[in-house]
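Reading through the structure tokens given below for one structure.
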Amino acid sequence: MTVNDQQLAQIAKAYLPHGAELVTIGKPMEHAAVIAADITGDRIPEIAGVYRWNDELYLFVLQYRNVGYEVMANIMGQGYAVTLLGAVPVMAPGKNQIIVGWQVGSIWSKLSIYDWTSEGLKDIAPPEMSYSYIDVLDIPGGSGPDGQAEIVLWIHDTGEAYRVEVVRWSQGRFVTAPDVYPHYFPVVVRYYERLTQKHPDYSFYWYYLADAQYRAGMPEAALASVRMALRFPEPYPMRETLLELESRIKQMLAGRWEPRQPVGLFPASVKTTSGTKWGYIDRSGKLIIQPKYEDAQDFQDNGLAIVGMHGNYGLIDRSERYVVAPIYQSISPFSEHRAIVIDHQGFKMIDEQGNVLTRRAYPYISVLKEGRAVYYVTDQGSGNGAASRYGYLDAEGREVIPAQFEEANDFADGKAVVKIKDNHYALIDPHGRRLADYPFAYVGPLGDGLLAFQQDSNGKYGYINEQENIVISPTYTSAFPFHQGRAIVNTAEDYRWKYGVIDSQGKWIIQPEYNDIRDLNEERFALGRAVDPEQPYIGSIYAIADWEGKRLSEFMYRDVSDYQHGLASVYDGKQTYFIDRTGHPAPGYPRVDGSGSLTLEPGGLIKALVDQRLSYLDRSGHVIWRQNTVIPLNPPYQVREEKYKPNPDYLVYYPQLEGMRDQAAQQTLNTKLKDMSQVKYIPPNQQLDYSYTGDFDVIFYKHQLLELELTGYNYPFGAAHGMPSKVFAAINLDNGRIYELKDLFKPGSDYVKELSRIVGKQIQEDPQYSYVFPDSYKGIAPNQPFYVTEDALHLVFAPYEIAPYAAGFPTFTIPFTQIMNIINTEGEFWRAFHS
């Protein structure tokens, strides 16, 4: 039971009749049948629970009024136990209904769905709505989640078989919801796959597997499964039912889509009152898919795009249909029709239909290359990487080369380099057969038939061929793989790097005198000279050279992208633009003020990601679309984005509020916001030894309360990573006041002690905070960084403050229902978003 559950139970017990007791729900873990949720639509959570009194069950609801709770509903239930108690928007987005599962049999529960009306609670569930198991969730449809929950009923048939129905509320009744079948029924498919493997001679499992595959949009597999069911002489269900399902599967196969054409949609971001959201525009700049995603990436060649929603990632097609629901922590771009996904279990491989192909989760899987993907496992499941062993999966997720290597590289030209043990590397084929063995301290990836190597761990690098013959003597301090007869090497003995380029005989093509050299593809190099030779880690200024080492341009580019189709994007310290293979500006393409990159998109559109802002241009430089710089609030208020870039390495976007009646208060507020955003004097022409970027988002807005999150990232050049920062501003739009944490609470209340206690208990009892450094938490500060949302207070800690850098900003959520006794509900802060 969580801290919140314990306090809710204590509050609820105070309002029960004498002799009554709260019911306990046994699954998924034992907990009291009590919840807190807004069911009246007033934005203030009520408390609902189920108690037993005189051998009868009762549902009760408590409503908070001024100084305490009052009983607003008390309804007799049915059955002898409760299997479910929750609150979700079943009838429409934005308003919750109470859902109760009254247990009436060993595997049967009667479902009640109570809606709050002017006459009190009303059960809208039909009398026959029962289940053995149930899921209640907002399942993504063709346009993604819509804010309204669907109900999935698993209804027992025979053995371990269940009929699965997915319904939603529509026009005053519950109807089936086939548009969400592709997103839910893969779960059902996996369930029946396990049963058919366990009981291959039971026809009804094959029937239910075929039905689930059909509704999941897997007609080929469904046809095979229904024919397995039909081979039984006396199948269950009856033969006519199976033949009817077979007919529907064949119809689905006959109407399958043709291969997708190029999508022609491009990701576009919009600043809104709930943060930056992403959608997709067409080539004319028209929003085709409205901005609703937290992240959106390019559509890939297979017609799918990776999008983020609710902190997770999924895949959509051009029609916004979720091919993969947003259930993964990350999804890689597809390679050879396969993508790698990560969930709470680990890494997995999926196909373009979203099917998980791997039989288990792994600590790591690389993308597929030449039909093989590197994976690793750890001995005894230690997970610490100390005993990792690498192997290879095939395109079906099978372990075709067992995990046995200490290191493994991707396949190239049908071969891969692996490490067997210390001082023993090998070259293998796709079946794991050894083609050659190398008794060296290090052997690098294959390139043009040559491999970089070290004879001992402290020695220099050279190159061998596949037969272990030394082709280029070890004379370099670092050596990269060969590409088209060229390799980049370093000869420096200290931090002042000396990069050059050699050919396959070890002859210098470019002398080793550069701070950096990059292979740009299409037989072009970027040669980098240190901005400051005494501090080479600050960066380089680049010139373009051809494959023979001839310099084609001056040293004038602060950044250069790889060449594609004869063009590379460059930044010269003032503008971003394309250059051609001569190393000079490409005629007929636009220039954009600021630092970043240009990308030529299909159809001729130019994507410009410059100064951390996205826009799209045509060849003439006309802006087709750009991110908005004004966030409209309720009139007359709006937030305007301003840009401050006094130096190439210092960039801040900061908010300025407009529309306040009191112009003096508005000016004071805006000056404060500039200061909080780190808008300060920076020398314009001085080379900084760090870079800084700042940005902001509206994270909550209601009535007169506007909350801004001001983010920053300070990166000292040469450091392993920079330091991010977050500052929050809770602003009253009427008077411009920025609230402090203490303003939320009653005068004289020891809010620091109470909040410190709650956070400490969460750290102790909630596994999600297991990363917190032992004994590092000493309580919150009186001015602890915070923000509020509709129903909760959120307390934020900085990186390293109580947890590792990788943990980011540890954030603790405290529902208002848990601290209502100390909140000043008559205070200005609370009333700013509860008026």
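Nothing fancy with the numbering, it's 1 onward along the sequence.
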Against the six-membered ring of Y653, is R613 placed for a cation-pi contact (under 6.0 Å from the centre, within 45° of the normal)? yes

Practice item. May I ask you to check whether over 12 heavy atoms, not counting those of Y133, lie within 6.0 Å of atom OH? Key: no

* Could you tell me whether Y214 and F185 have their ring centroids closer than 6.0 angstrom? => no

Centroid-centroid under 6.0 Å between Y805 and H721 rings: yes

Please determine, by modelled atom types, if H794 and T811 share a side-chain donor-acceptor pair under 3.5 angstrom.
no

Row check, F696 ring normal vs K271 NZ/CZ: under 6.0 Å, within 45°: yes

TODO: Scan side-chain atoms only and decide if E658 and Q638 contain a donor-acceptor pair under the 3.5 Å cut-off.
DONE: yes

Review point. Charged N to carboxylate O below 4.0 Å: is that the case for D298 and K607?
Key: yes

(Q) Please determine whether ring pair (Phe, Tyr, Trp, His ring centres under 6.0 Å) holds for the pair Y376 and Y390, giving the CA-CA distance in whole Å, both sets of side-chain angles, and the decisive distance to 0.1 Å. (A) CA-CA 4 Å; Y376 80 66; Y390 291 80; 5.2 Å; yes

For the rings on Y800 and F773, is their centre-to-centre separation under 6.0 Å? no

In this structure, is the centre-to-centre distance between the rings of Y692 and Y650 below 6.0 Å?
yes

Sorted by chain and residue number, the side chain to side chain donor-acceptor pair (under 3.5 Å) partners of S274 (sequence neighbours excluded) come out as T272

Less than 3.5 Å apart, any donor N or O on the side chain of Y701 or N634 sitting next to an acceptor on the other? yes

Looking at Y362, I'd like to know if the NZ or CZ of R360 sits under 6.0 Å from its six-membered ring centre while staying within 45 degrees of the ring's axis. yes

With sequence neighbours left out, the residues meeting side chain to side chain donor-acceptor pair (under 3.5 Å) with R398 are D394

Any heavy-atom pair between the side chains of Y313 and Y293 that's under 4.5 Å? no

- Parallel, tilted or perpendicular: ring planes of Y771 versus Y769, cut at 30 and 60 degrees: perpendicular

Worksheet item: Taking the six-membered ring of Y181, is NZ or CZ of R215 closer than 6.0 Å to its centre and within 45° of its axis?
Response: yes

message = Under the criterion side-chain hydrogen bond (donor to acceptor under 3.5 Å, both in side chains), I'd like the reasoning laid out for D559 against S595: C-alpha separation, chi angles, the key distance, then a yes or no.
response = CA-CA 9 Å; D559 195 16; S595 61; over 6 Å; no

